[in-house]
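Chain naming here is simple, since letters A, B, ... match the order of the sequence lines and numbering starts at 1 in each.
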There are 2 protein chains.
Amino acid sequence: MTTIRDVAKKAGVSVATVSRYLNDSGYVSGDAAKAVAAAVKELKYELNPVARSLNTKKTNLIGLIVPDITNPFFPELARAVEDVALTYGYTVILCNSDENPEKEKNYLETLKKKYIDGFIVTSNQLDAPHYANMALPIVALDRAINEHIPTVASNNREGAAIGTRVLLERNCKKILFLRGPEELNPANDRYEGFMDAIRDAGVDYQIVVCPFHFADSEKIVDEVLREHKDIDGIFASSDVSAAGALKAASKLGINVPDELQVVGFDGIAMGAMLTPGLTTVAQDVYKMGAIATRVLIKRIENQVEEQHFFEVPVQLKIRGTTRSVEK
Amino acid sequence: MTTIRDVAKKAGVSVATVSRYLNDSGYVSGDAAKAVAAAVKELKYELNPVARSLNTKKTNLIGLIVPDITNPFFPELARAVEDVALTYGYTVILCNSDENPEKEKNYLETLKKKYIDGFIVTSNQLDAPHYANMALPIVALDRAINEHIPTVASNNREGAAIGTRVLLERNCKKILFLRGPEELNPANDRYEGFMDAIRDAGVDYQIVVCPFHFADSEKIVDEVLREHKDIDGIFASSDVSAAGALKAASKLGINVPDELQVVGFDGIAMGAMLTPGLTTVAQDVYKMGAIATRVLIKRIENQVEEQHFFEVPVQLKIRGTTRSVEK
DNA sequence: ATATTCTGTGTAACCGGTTACACATTCGGA
DNA sequence: TCCGAATGTGTAACCGGTTACACAGAATAT
């Protein structure tokens, strides 16, 4: 393995000059630069990033902490993070937290020791002490907002209002809202948005808490639909629970969209694959990931950025689980 | 930051003794061990992994190279890899290759410089020179087999035969096989398996090449079904293309499973969410990832392991896109 | 009793970079 | 002409560990 000292010797300069040349820092004369460049080329020298990291305490590594990459919301996020990171010369470490604070903390600490440069985090624990004491750049995604930590999120509230209006405009008379877990910020924002739209609509509605989980949702919706035959619209706080609702309806022989219209939230790829295709309020997940990564890297590289909250607009995708609007 | 020298001073021993104690290597007397342990505790000493890596050229980092984490096959794989890696104290770096040899090569080289310990790779380029010269532990997943690289894969051929027989047993008279891309090994194995089962079945069949992509599949199947109204069974080489087929059938007003039965391959979560639920030959993706990770770590830690090929059995999941067997 | 091996420890080089600081020259301005 | 600033370079300490090697005393073998 050829080292910086080999290069220095070959080029007839000191290691300091070689290092300055390589990092484009301090003064290096044209002659010296040329000599070093030649030596580097001839010796096929490649800088050892680990040795550099030991000094600089930087690694060009960023951590992505998600609850579970298996949840269809996150792969696209991961993809965006990785794409943008690569552009800036960073590499991504994937961490599944299972929403478990211990696991999160463990990752945070282990990787910090390894001189990781920063984290992108999807977590509900952002106010926990291990985040406060991190002293490492962090960007929060989708979840909790903390005044010290920049956050990227969809306009969940407005999106939910939009989704609800889709059902109202299509003459739903009794709407079931599948509210997400109460400990999830975005789920609560969506609840607010639903209320914004339904409050003065003069339409009957019902709210049921339902995890973002297919089988659970199917079961819950099945029970509700059996009990309340007059429900003719469902707004689900996630596409996965919307899929569960569709399954339940299908098993009960309820025709979608003729007897029951369904709107989801998220915009995961699966929505288009269902039959009928799922009408949904789509988040621009890729964009969220890309923004979060850029913001993080800016922080890592000490470029000031006063903006703290980044809202990514949501996009309505009308597909087959809702009818066309009657005039 | 407290260093090993601080600990040595506090414990009244040399840094070598401390290092030996920490690594459980060489001789350390009971007294010395006790003194060091006390000093470590008192000073809250934590070893610096970067400094260690500079010497050992090991980092407890492994790379996971997948074509695209967004493809529903891979998140579960990634999850398995991460879970098992964590168990052994390793961390996972996620790399999307887009099947692009340049990108792959780039990741391989960049991370090798960072002293990454090994790779788990899903790639068709495994015979490319940059793999041969790696001199780093690698385990291949799902794709190409190379005699130097341990491989973990499903029994694709047998699985495809099983899937085909599902249609045969249910009296399909004309079967459409959606063959996967010809440059993909597993797709070819599935083709062989289909042929194994269909060859002497005395049933009409047709083969169409179809990428593992929803919209493309929908389009292709739509065309084929329009042309050949007598097709009453489809075996798709992937669940995603099966979903496309279902969509096409639905748009053409063909009832599944009464007029047309469909079987997929992969077992991704989406299959259960479709209506009707997709009958499929499920791969145990999690297990594949787990095995691959264990094999890789064994190699990294120089534990010999003569076995080179690990086959993971496939599991048939009968759901609603096929009828019950007539007696 | 002597040779050999095992146990235990410390010194210092090494992994491969970065950078503070000292020093020398050159140049522009007063 | 003199001085301070700008330019350019090298030495050596430093980042925080690991480990080869030398050495010493105790245990075992002959």
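- The side chain of A:Ile4 approaches C:dG17 more closely than any other nucleotide in the set C:dG10, C:dG17, D:dT18.
- In this structure, B:Asp98 pairs ionically with B:Lys103, as a charged nitrogen and a carboxylate oxygen lie closer than 4.0 Å.
- Taking side-chain N and O atoms only, A:Ser29 has a distance below 4.0 Å to OP1 or OP2 of D:dT9.
- Nearest-nucleotide positions on DNA chain C place B:Ser14 closer to the 5' end than the other of B:Lys57 and B:Ser14.
- Summary of the strand contacts: A:Ala51 and B:Ala32 both lie near DNA chain C, and taking for each the nucleotide with the nearest heavy atom, the more 5' one is attributed to B:Ala32.
- Contact of A:Asn55 with C:dG17 (side chain to base): a donor-acceptor pair of N or O atoms is detected under 3.5 Å.
- The CZ atom of B:Arg52 sits 8 Å away from the C1' atom of D:dG17 (whole-angstrom rounding).
- At the heavy-atom level, A:Gly12 lies under 4.0 Å from the strands shown only through sugar-phosphate atoms.
- When the C1' atom of C:dG17 is taken as reference, atom CE of A:Met1 falls 12 Å away, rounded to whole Å.
- Under 3.5 Å, the side chain of B:Arg5 and the base of D:dG17 form at least one donor-acceptor pair of N or O atoms.
- Closest to the side chain of B:Tyr27, out of D:dT18, D:dT9, C:dT9, is C:dT9.
- With contacts defined as side-chain heavy-atom distances shorter than 4.5 Å, the pair A:Leu22/A:Ile4 qualifies.
- Remark: P of D:dG10 and OH of A:Tyr21 are 16 Å apart, rounded to the nearest angstrom.
- Checking B:Gln283 against B:Asp266 by side-chain atom types alone, a donor-acceptor pair falls below 3.5 Å.
- At whole-Å resolution of the value, CZ in B:Arg20 and P in D:dC21 are 14 Å apart.
- For the pair A:Val13 and B:Leu22, both in contact range of DNA chain D, the more 5′-proximal nearest nucleotide belongs to A:Val13.
- Heavy atoms of B:Val15 sit under 4.0 angstrom from at least one base atom.
- A salt bridge links A:Asp83 to A:Arg79: at least one charged side-chain nitrogen sits closer than 4.0 Å to a carboxylate oxygen.
- Here the P atom of nucleotide D:dC15 and the OH atom of A:Tyr115 are 10 Å apart, to the nearest Å.
- Taken to the nearest 0.5 Å, the CD1 atom of B:Ile69 stands 4.5 Å off from the CD1 atom of A:Ile69.
- Atom pair B:Asp31:CG and C:dT9:P shows a separation of 8 Å (rounding to whole Å applied).
- When distances are taken from the side chain of A:Asn23 to each of C:dT18, C:dC15, D:dG17, the shortest belongs to C:dT18.
- Judged purely by atom type and a 3.5 angstrom limit, B:Ser19 has no side-chain atom pairing as donor or acceptor with the backbone of B:Val15.
- Ranking C:dG10, D:dG17, C:dA20 by closeness to the B:Leu47 side chain, first place goes to D:dG17.
- Among the heavy atoms of the strands lying under 4.0 Å from B:Ser19 is at least one base atom, whether or not backbone atoms are also near.
- B:Asp24 has its CG atom 13 Å from the P atom of D:dT18, to the nearest Å.
- In this structure, the NZ atom of A:Lys9 is 15 Å from the C1' atom of D:dT11, given to the nearest Å.
- If you check every strand for non-hydrogen atoms under 4.0 Å, B:Tyr45 touches sugar and phosphate atoms only.
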